[in-house]
Undergrad: 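Got a structure here, written out as structure tokens. Questions coming.
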Amino acid sequence: MRDLAEAAPALLLDWYDRHARDLPWRVPPAQALRGVRPDPYRVWLSEVMLQQTTVAAVRAYFAAFTTRWPTVQALAAAPDAEVMGEWAGLGYYARARNLLKCARVVSDDHGGVFPDTADGLRTLPGIGSYTAAAIAAIAFDRPAVVVDGNVERVMARLFDVHTPLPAAKPELTAKAAALTPAERPGCHAQAVMDLGATVCTPRSPACGICPLMAHCAGRAAGTAPDLPRKTQKQPKPVRVGLAYLARRSDGAWLLETRPDKGLLGGMLGWPGGDWAETPQAAPPPVEADWRDLPGEVRHTFTHFHLRLALRVADVGMDAQPVRGHFVPAAQFRPADLPTVMRKAFDMARGAF
DNA sequence: AAAGCGTGGTG
DNA sequence: TCACCAAGCTT
């Protein structure tokens, strides 16, 4: 496979020119070839949204964000609650908090202009090694080494690397670096990721239509579909919790903004107790005639399963909550809630 | 440096 | 139904 580093970049670029996906944050290869660059703001926004998230899930959020906040300055000026509400449902909410921090740094300290090198980008909140390299390559056509989950998988198969992730990361990064060309590095980066997303897929890869088939060591060895190897993950424990949903007589709902740190940080949620493997004491947020709802909300987070019991109550206009605040009905959008909280609302709403 | 951090689609 | 997976970052 000594010829791989020489042959692969041209094969990948040729494949990309014919098969590049049409994505709203992307400049088509024909235009890129003529020197047209995408808007760094849109590249940055899309890359942050795409962290651990599928293209299908990102599309609508990207459209909503760019319509509501067309520039980094506009986003920087937005109230926190509006941005967190717009991000609701996309997950990994630290991304939204860092998105705002980053927008404000770029707007306030960089004149609204993103740094044009990977090192410069890397210093910004929410931009790690992958995202810095991706923006540098895609927005500024710098020959940065872009390594995401797709690239790791493609490299592990191309070079038949059996070392399990995450230990294999340096080795796979070195392989990716060896393939990164000086010409059209932005298109190259997107080509490898597109290939991983559409051909060299995690399960049942379509080796028969792969432009690199003839050069792939994993294909030759028959190991490609089983790569990359990964170290086994811990099983998810079950945690239980309790949430209180109160509706005031004018239709307002009692919600609280969760603390910035930790799970669902900075998001709206129903008051309640801690979530743990054994039931925790959870005093009600307001004095009322609470009633238990039958059933429970089931939801799975990254590292545990949750079973959430619900208590509901109607309260008068004189209610004085010790936690949270009443959100007027006209202002309340269930879509502003993270998914587990929206599930709780959907289950409880019929009880009012 | 291992763990914490969401969600929806898929087989 | 359920484990696995997706354009990772932070601490």
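Residue numbering restarts at 1 for every chain, and letters A, B, ... go by the order of the sequence lines. Values below: all heavy atoms of this structure, side chains included; hydrogens, waters and symmetry mates excluded.
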Undergrad: Let's see if you can work this out: which of B:dT7, C:dC4, C:dC9 has an atom nearest to the side-chain heavy atoms of A:P338?
TA: B:dT7
Undergrad: For the side chain of A:L264, starting at C-beta, report the closest nucleotide among C:dT10, B:dG4, B:dG6.
TA: B:dG6
Undergrad: Below 4.0 angstrom from OP1 or OP2 of C:dC9, is there any side-chain N or O of A:R122?
TA: no
Undergrad: Between A:L124 and A:Q190, which has a closest nucleotide on DNA chain C that is more 5'?
TA: A:Q190
Undergrad: Need to verify one output field. Residue with the more 5' nearest nucleotide on DNA chain B, A:P166 or A:A57?
TA: A:P166
Undergrad: Taking for each residue the nucleotide of DNA chain B with the nearest heavy atom, is it A:G262 or A:R342 whose nucleotide lies nearer the 5' end?
TA: A:G262
Undergrad: Look at the side chain of A:Y93 and decide which nucleotide, out of B:dT7, B:dT10, B:dG8, has an atom nearest to it.
TA: B:dT7
Undergrad: Is any side-chain N or O of A:Q52 closer than 4.0 Å to OP1 or OP2 of C:dA6?
TA: no
Undergrad: From B:dT7, B:dG9, B:dC5, pick the nucleotide closest to the side chain of A:R203?
TA: B:dG9
Undergrad: Could you tell me whether A:R184 and A:D141 have a side-chain N and a carboxylate O separated by less than 4.0 Å?
TA: no
Undergrad: Measure from the side chain of A:D148, starting at C-beta and using heavy atoms only, and say which of C:dG8, B:dG8, C:dC4 lies closest.
TA: C:dG8
Undergrad: Select base, sugar-phosphate, or nothing to describe what A:L23 touches, counting heavy atoms under 4.0 Å on all strands.
TA: base
Undergrad: Using a cut-off of strictly less than 4.0 Å, decide whether A:H303 has a side-chain nitrogen or oxygen near OP1 or OP2 of B:dC5.
TA: yes
Undergrad: How would you label the contact of A:T300 with the nucleic acid (heavy atoms, under 4.0 Å): base, sugar-phosphate, or nothing?
TA: base
Undergrad: For a quick check, tell me whether the side chain of A:T53 and the base of B:dG6 share a donor-acceptor pair closer than 3.5 Å.
TA: yes
Undergrad: A:K261 side chain: which of C:dA6, B:dT7, C:dT11 is closest?
TA: C:dT11
Undergrad: When you check the gap from the basic side-chain N to the acidic O, do A:R26 and A:D194 get nearer than 4.0 Å?
TA: yes
Undergrad: Given B:dG6, B:dG8, C:dA6, identify the nucleotide with an atom nearest to the side chain of A:P202.
TA: C:dA6
Undergrad: Base, sugar-phosphate or nothing for A:T339? Non-hydrogen atoms, less than 4.0 Å.
TA: sugar-phosphate
Undergrad: Under 3.5 Å, is there an N or O donor on one side and an acceptor on the other linking the side chain of A:T302 and the base of B:dG6?
TA: yes
Undergrad: Please state how far atom CG in A:L308 lies from atom C1' in B:dG6, giving the value in whole angstrom units.
TA: 16 Å
Undergrad: Taking 4.0 angstrom as the limit, do A:R239 and A:E277 come out as a salt bridge?
TA: no
Undergrad: A:K169 NZ to C:dG8 P: how many Å, rounded?
TA: 9 Å
Undergrad: Classify the nucleic acid contact of A:R298 as base, sugar-phosphate or nothing, counting any heavy atom under 4.0 Å across all strands shown.
TA: nothing
Undergrad: Looking across every strand, which nucleic acid part, if any, lies under 4.0 Å from A:K230 by heavy atom: base, sugar-phosphate, or nothing?
TA: sugar-phosphate
Undergrad: Give one of base, sugar-phosphate or nothing for A:G89, where a contact means two heavy atoms less than 4.0 Å apart.
TA: sugar-phosphate
Undergrad: Which part of the nucleic acid does A:L90 contact within heavy-atom distance under 4.0 Å: base, sugar-phosphate only, or nothing?
TA: base
Undergrad: Got a salt bridge between A:K343 and A:D346, using NZ or NE/NH1/NH2 to carboxylate O under 4.0 Å?
TA: no
Undergrad: What is the nucleic acid contact for A:R97, judged by heavy atoms within less than 4.0 Å: base, sugar-phosphate only, or nothing?
TA: nothing
Undergrad: Under a 4.0 Å N-O cut-off, is there an ion pair linking A:E171 with A:K169?
TA: no
Undergrad: Quick one: do A:D80 and A:K101 make a salt bridge, cutoff under 4.0 Å?
TA: no
Undergrad: Would you classify A:T131 as touching base, sugar-phosphate or nothing, given that sugar-phosphate means primed atoms plus P, OP1 and OP2, and contacts are heavy atoms under 4.0 Å?
TA: sugar-phosphate
Undergrad: With heavy atoms under 4.0 Å as the rule, sort A:P125 into base, sugar-phosphate or nothing.
TA: sugar-phosphate
